[in-house]
Amino acid sequence: MTSPPQRWARAERLDAARTLDALQEVTGVRLTLEGPCPGGQVGTAYVRRPDGGRSVLKWRPHSRAADLEAGPLTVNRVMRHAGCPAPDTELVAQVGHAVVMVQELLPGAKIDHLDHDSLVRALELNRLQAGRLAGHPGVPAAELFLRQDGPGYCLHEPLRRHGRRSAALEHRVAAIGAVHPDRLVGDDAVHMDFHPGNLLAAGGAITGVVDWDGAARGDHRFDLVTLRFGVHGGGVDPGVTRHLDTVLDEVPEDVLRPAWAHMSLRMVDWAIRHFAPSDVEHWLDLAEQRLN
């Protein structure tokens, strides 16, 4: 049984044209809108700079530029210097309650089908994240929100109200949160949204790892859990899923269990508030694989 549909709050979406006007008022820089980037839930857009080059417009609502500089932008720079194909950040500006960023447009296209070779390269990039923030103690640790709501995502009440399965999942998530720290432990760089849609490829190589907006300190193996959720239900060979599951089987429970609980909460909550009931069941099926 599922409760009647609720009018849950939905995530704000990028209004690229209005954002570019506001950015010009703040910085004096005029960028020309070309169109939306494919994929994504909140929105990014392709823009053209005054010099004729192309970049990517990004928008993070209800944020402070100083916080992004201390956390995600620092992680992005550290990983670029380590050899990860992360984009350069060309412009950052506080525009009202939001932070607007203009980033380098990297070559390649997002990975729609993660094959074995791409998985191997993704795992190599993930290992590159280990220990990278040991010299950057000011980067905050990633929050998991297992006991309280996140800032616009990882909301608990939608799970409690949606139906019996989701309510049972929220109860398990909260129980895991009661016995684990609510922040990731470690000095690794953590992308926090490491899925095929944020990996760019061309010519058999991964040419970009994008969308570091939520990056933080913690355990790099968290991103492998994100990757597993990212390949659930399509766009991947069955052998790739089995390989990734085998890798996750080797992750210690004190890392794997809270990471899986976070991603379960995150994806089920988002599906309840933004997608159809069948999508909610889709994510519940995966969540329950390791939280029963």
**Asked** Can you check whether Met79 reaches Trp212 side chain to side chain, under 4.5 Å on heavy atoms?
**Response** yes
Notebook entry, point to check: Do Thr207 and Leu106 have side-chain heavy atoms sitting under 4.5 Å apart?
Noted result: no
Answer whether the closest heavy-atom distance between the side chains of Arg165 and Leu169 falls below 4.5 Å.
no
- Please report the C-alpha distance between Asp115 and Arg121 in whole Å, then the side-chain angles of each, then the deciding distance to 0.1 Å, and finally whether the salt bridge (charged side-chain N to carboxylate O under 4.0 Å, His left out) criterion is met. CA-CA 10 Å; Asp115 59 20; Arg121 295 186 183 95; 5.3 Å; no
field: Donor-acceptor pair, side chain of Asp149 and main chain of His156, under 3.5 angstrom
entry: yes
(message) Over 60° means perpendicular and under 30° means parallel, so tell me whether Phe194 and His191 are parallel, tilted or perpendicular.
(response) perpendicular
Worksheet item: Given side chains that start at C-beta, do those of Thr32 and Pro50 come closer than 4.5 Å, heavy atoms only?
Response: no
Tested for side chain to side chain donor-acceptor pair (under 3.5 Å) against Ser55, the lone hit among Glu90, Gln103, Glu104, Glu34 is Glu90
| field | Student check: side-chain heavy atoms of Val139 and Val75 closer than 4.5 Å | value | yes
Side-chain contact, heavy-atom cut-off 4.5 Å: Asn292 with Arg172? yes
Closest heavy-atom pair, Ala141 versus Arg183, reported as atoms and distance to 0.1 Å, is O-NH1, 2.6 Å
Task: Under 3.5 Å donor-acceptor, Asn126 side chain and His220 backbone - done: yes
Closest heavy-atom pair, Pro85 versus Ile206, reported as atoms and distance to 0.1 Å, is CG-O, 4.0 Å
Original post:
Are Leu23 and Val29 close enough that some pair of their side-chain heavy atoms sits under 4.5 Å apart?
Top reply: no
Salt bridge (Lys or Arg N to Asp or Glu O under 4.0 Å) pairs touching residues 129-141, sequence neighbours excluded, are none
The side chain to side chain contact (heavy atoms under 4.5 Å, CB included) partner of His113 among Val240, Asp237, Val236 is Asp237
| Got a salt bridge between Arg77 and Glu69, using NZ or NE/NH1/NH2 to carboxylate O under 4.0 Å? | yes
Tightest non-hydrogen contact, residues Tyr153 and Arg273, listed as CA-NH2, 3.6 Å
- Evaluate the criterion side chain to side chain contact (heavy atoms under 4.5 Å, CB included) for residue pair Thr226 and Met192; output intermediate values, then yes/no. CA-CA 7 Å; Thr226 307; Met192 296 299 292; over 6 Å; no
In short, Leu144 meets Pro258 closest at the heavy-atom pair CD1-CB, 3.9 Å
Exam field: side chain Asn198 to backbone Asp193, donor-acceptor pair closer than 3.5 Å
yes
Is there a salt bridge (charged side-chain N to carboxylate O under 4.0 Å, His left out) between Asp249 and Arg242 once you walk through the steps? CA-CA 10 Å; Asp249 288 341; Arg242 290 193 296 269; over 6 Å; no
Review point. Please walk me through it: do His282 and Phe275 pass ring pair (Phe, Tyr, Trp, His ring centres under 6.0 Å)?
Key: CA-CA 11 Å; His282 169 83; Phe275 300 122; over 10 Å; no
Scanning both residues in full, the closest heavy-atom pair of Phe145 with Cys154 reads CB-CB, 4.0 Å
Would you mind reporting whether Leu199 and Ser118 have side-chain heavy atoms less than 4.5 Å apart?
no
Between Arg228 and Asp223, is a salt bridge (charged side-chain N to carboxylate O under 4.0 Å, His left out) present by the stated rule, with each step listed?
CA-CA 9 Å; Arg228 178 63 181 86; Asp223 284 342; over 6 Å; no
Ser63 meets the side-chain contact (heavy atoms from CB on, under 4.5 Å) criterion, sequence neighbours left out, with Arg60, Leu68, Val99
Smallest heavy-atom separation, Pro87 atom then Val209 atom, equals CD-O, 3.3 Å
